[in-house]
Amino acid sequence: QKMDLQSRKVTNEMKVDLCSKYFMIGFAFLPFVWLVNAVWFFKEGFVKEEFEGQQKIKKYVILSGIGSLIWTIGFISWIVIFDQNRVAWGATADYMSFNIAVGKP
């Protein structure tokens with residue numbers, strides 16, 4: 001069943017619960033879920049008028065955004081480091097590669 005956060009059937013309690021679940025799922029090495037959580041619940045945490053549980057949503061949105069940003073920086077850093085050092089690392093880098101480039105480095 002599709003959940004529409006704007007629906008009157010979705011209570012604030014349900015929103016806090018879903019935001020919390022997405023935050024916890026992000027710890028399973030799924031930083032994309034943190035990005036979705038931060039974007040999807042941003043309005044609920046920072047734009048809508050005050051409601052019970054909004055502070056929790058704010059906390060989860062901020063932490064999800066930070067976690068996603070850290071993962072993105074780490075991932076891009078790894079890509080750059082690996083790309084710059086692949087040839088120098090020799091067979092070790094080849095074992096880490098799915099596609100092994102042929103030809104001159």
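Here the structure is a predicted model, which means the values were calculated and not measured. For this chain, numbers begin at 1 and follow the sequence in order.
Considering CD1 of Ile62 and CZ of Phe42, their distance stands at 9.0 Å, rounded to 0.5 Å. How far CZ of Phe23 is from NZ of Lys21: 15.5 Å, rounded to the nearest 0.5 Å. How far CZ of Phe46 is from CD1 of Ile57: 10.0 Å, rounded to the nearest 0.5 Å. A distance of 10.0 Å separates CE in Met24 from SG in Cys19, rounded to the nearest 0.5 Å. If you take CG on Asn37 and CG on Leu30, they are separated by 12.5 Å, rounding to the nearest 0.5 Å. Atoms NZ and CD, from Lys56 and Glu13 in turn, are 9.0 Å apart once rounded to the nearest 0.5 Å.
With a 4.5 Å cut-off on side-chain heavy atoms, Tyr22 and Tyr60 do not count as touching. At a threshold of 4.5 Å between non-hydrogen side-chain atoms, the residues Glu52 and Asn12 do not count as touching. Side-chain contact between Phe41 and Leu18 is present, with heavy atoms from C-beta onward closer than 4.5 Å. At least one side-chain heavy atom of Trp34 sits under 4.5 Å from a side-chain heavy atom of Trp71. Side-chain contact check for Phe82 versus Ser97: some heavy-atom pair is nearer than 4.5 Å. Here the side chains of Val80 and Ser77 are not in contact, with every heavy-atom distance at 4.5 Å or above.
Counting only distance, with no hydrogens or angles, the side chain of Asn85 and the backbone of Ile81 share a donor-acceptor pair below 3.5 Å. Glu44 places no side-chain N or O within donor-acceptor distance of the main-chain N or O of Gln54, the cut-off being under 3.5 Å. No donor-acceptor pair closer than 3.5 Å links the side chain of Ser68 to the backbone N or O of Ser64.
Taking a 6.0 Å sphere around CD of Glu50, one finds it holds more than 12 heavy atoms contributed by other residues, nucleotides or ligands. Other residues, nucleotides and ligands place no more than 12 heavy atoms under 6.0 Å from the NZ atom of Lys43. Counted within 6.0 Å of CZ on Phe32, heavy atoms from surrounding residues, nucleotides or ligands total 12 or fewer; the atom is thus considered open.
A continuous path of hydrophobic side-chain contacts links Val47 to Phe51 [ILVMFWY only; heavy atoms under 4.5 Å]. Following chains of ILVMFWY side-chain contacts shorter than 4.5 Å, one can reach Ile25 starting from Ile70, so the two form part of one hydrophobic cluster.
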